[in-house]
**Q** 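Next up is a structure, given as structure tokens.
Chain letters run A, B, ... following the sequence lines, proteins first and then strands; every chain starts at 1.
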Amino acid sequence: MRIVTYNINGIGARLPNLLRWLGEKAPDIVCLQELKAPQEKFPESAIREAGYGVIWHGQKSWNGVAILARGSEPVEVHRGLAGDTEDLQSRYLQATVRGLTIGCLYVPNGNPAPGPKFDYKLRWIERLITHTAVLASSREPVILAGDYNVIPTERDVYKPERWVNDALFRVEVREAFQRLSAQGWTDAIRTLHPEATIYTFWDFFRDAYKRNAGLRIDHLLLNAAVRARLVAAGVDRDVRGWEKPSDHAPTWVELEE
DNA sequence: ATGACCCTAGTTTAGGGA
């Protein structure tokens with residue numbers, strides 16, 4: 001059973017790409033981020049015709065998350081994170097699918113740092129940490145899949161020295177990601193590939209993909225109940241080389257049924 | 001250090017992304 005996170009950078013512009021990928025890979029559960037579409041403009045019928053049940057939380061122009069399930073309907077449990085009633089950004093959706101709890105998340109970018117956007121990022125991660133505490137220790141299987149906008153370590157970026165002051169790599173952010181992980185989450189890709197250079201994002205600028213000047217910022221965190229079932233993890237890197245690609249590539253785990 | 005590119009909104013240039 002394959003679970004994937006994929007920042008598609010605009011579902012309007014990326015729909016042909018997304019449908020091709022769904023057809024070729026037939027992933028079981030897909031978490032999408034950056035829909036960049038209001039609720040009513042989500043291409044629900046195209047997704048359903050491809051064989052997927054779906055829930056989504058749209059937003060005009062920016063953000064937006066969705067959970068797709070092949071041959072079944074995700075059952076929504078949470079829409080948004082508690083802790084800030086004034087936060088209207090669509091960045092968190094949680095559902096149960098085929099016995100799994102799936103948190104689909106899109107952490108704020110946070111640049112420029114320091115500044116209000118960076119403060120919002122740090123606060124958002126704290127709200128996430130509060131929300132996930134009980135999930136980490138749950139005996140039920142839970143996966144937190146998404147675009148974390150966090151480069152966890154120097155191994156996860158092509159030139160770490162260039163990123164030390166960036167909101168994706170600043171120590172406050174890495175420290176917060178560490179505290180989240182310390183609740184009992186397993187970073188699937190890094191656990192199965194401890195030394196490998198693996199990226200999930202390549203800038204549109206400067207031929208970043210061709211040069212493999214990438215970042216690893218899309219992660220699947222597994223609680224102990226899922227960790228026991230983990231058999232493989234990777235990135236559909238070739239999708240980044242398709243025509244009109246997103247700047248991110250689908251990032252996945254394979255679980256025993 | 002800078003700017004390179006892409007998406008959206010909605011009319012043409014600006015904001016956001018990372």
**Q** Output the rounded distance in Å from CG (A:Asn63) to P (B:dT8).
**A** 13 Å
**Q** Is there a donor-acceptor pair closer than 3.5 Å between any side-chain N or O of A:His219 and the backbone N or O of A:Val150?
**A** yes
**Q** Students often get this wrong, so: under 4.0 angstrom with heavy atoms, is A:Asp218 touching a base, only sugar-phosphate, or nothing?
**A** nothing
**Q** Going by the side chain to side chain donor-acceptor pair (under 3.5 Å) test, which pairs reach into residues 9-23 of chain A, not counting sequence neighbours?
**A** A:Asn9-A:Lys36, A:Arg20-A:Glu24, A:Trp21-A:Asp236
**Q** Which of these nucleotides, B:dT8, B:dA9, B:dG17, is closest to any side-chain atom of A:Ala13?
**A** B:dT8
**Q** Between B:dT8 atom P and A:Lys60 atom NZ, what is the distance in whole Å?
**A** 14 Å
**Q** Rounded off to whole Å, could you give me the CD-to-P distance for the A:Gln59 and B:dG16 pair?
**A** 12 Å
**Q** Round to the nearest Å and state the distance from A:Trp202 atom CH2 to B:dG17 atom P.
**A** 21 Å
**Q** Can you confirm whether more than 12 heavy atoms, excluding those of A:Glu40, are under 6.0 Å from its CD atom?
**A** yes
**Q** Rounding to a whole Å, what distance do you find between A:Asp247:CG and B:dC7:P?
**A** 9 Å
**Q** Base, sugar-phosphate, or nothing: which does A:Lys41 touch, judged by heavy atoms less than 4.0 Å apart?
**A** nothing
**Q** Over all strands shown, is A:Tyr106 touching base, sugar-phosphate only, or nothing at heavy-atom distances under 4.0 angstrom?
**A** sugar-phosphate
**Q** Looking across every strand, which nucleic acid part, if any, lies under 4.0 Å from A:Gly12 by heavy atom: base, sugar-phosphate, or nothing?
**A** sugar-phosphate
**Q** Atom OH of A:Tyr120 to atom C1' of B:dG16: distance rounded to whole Å?
**A** 14 Å
**Q** Residues in side-chain hydrogen bond (donor to acceptor under 3.5 Å, both in side chains) with A:Thr153, at least two apart?
**A** A:Asp156
**Q** Starting from the 5' end of DNA chain B, give me the residue, A:Pro108 or A:Ala37, whose nearest nucleotide shows up first.
**A** A:Ala37
**Q** Give one of base, sugar-phosphate or nothing for A:Asp147, where a contact means two heavy atoms less than 4.0 Å apart.
**A** sugar-phosphate
**Q** Quickly work out the A:His248 NE2 to B:dC7 P distance and round it to whole Å.
**A** 13 Å
**Q** Using atom P of each nucleotide, how far apart are B:dA1 and B:dG15 to the nearest Å?
**A** 24 Å
**Q** Suppose we screen for ring pair (Phe, Tyr, Trp, His ring centres under 6.0 Å). Which residues come up paired with A:His193, at least two apart in sequence or across chains?
**A** none
**Q** Which residues pass the side-chain hydrogen bond (donor to acceptor under 3.5 Å, both in side chains) test with A:Asn63, not counting sequence neighbours?
**A** A:Gln59, A:Gln89, A:Arg91
**Q** Who passes ring pair (Phe, Tyr, Trp, His ring centres under 6.0 Å) against A:Trp56, sequence neighbours left out?
**A** A:Phe42
**Q** Which sits closer to the 5' end of DNA chain B, A:Ser61 or A:Asp166, going by the nucleotide each is nearest to?
**A** A:Ser61
**Q** With sequence neighbours left out, write down each residue that passes side-chain hydrogen bond (donor to acceptor under 3.5 Å, both in side chains) with A:Asn212, or none if nothing qualifies.
**A** A:Trp202, A:Arg237
**Q** Determine the Euclidean distance between corresponding P atoms of B:dT13 and B:dT2; express it in Å to zero decimal places.
**A** 25 Å
**Q** Measure CD1/A:Ile11 against P/B:dT8 and give the value in whole Å, please.
**A** 10 Å
**Q** side-chain hydrogen bond (donor to acceptor under 3.5 Å, both in side chains) with A:Glu140: which residues, sequence neighbours excluded?
**A** none
**Q** Is the CD atom of A:Gln178 crowded by more than 12 outside heavy atoms at less than 6.0 Å?
**A** no
**Q** Could you pull out the protein-nucleic contacts involving nucleotides 3-6 of chain B (nitrogen or oxygen on both sides, under 3.5 Å)?
**A**
unit_1: B:dG3; atom_1: N1; unit_2: A:Arg206; atom_2: NH2; d: 2.4
unit_1: B:dG3; atom_1: N2; unit_2: A:Arg206; atom_2: NE; d: 2.3
unit_1: B:dG3; atom_1: N2; unit_2: A:Arg206; atom_2: NH2; d: 3.0
unit_1: B:dA4; atom_1: N1; unit_2: A:Arg206; atom_2: NH2; d: 3.4
unit_1: B:dA4; atom_1: N3; unit_2: A:Arg206; atom_2: NH2; d: 3.4

**Q** Using a 4.0 Å heavy-atom cut-off across all strands, classify A:Asp207 as base, sugar-phosphate, or nothing.
**A** nothing
**Q** Quick check on contacts: within residues 153-165 of chain A, what sits under 4.0 Å from DNA chain B by heavy-atom distance?
**A** none
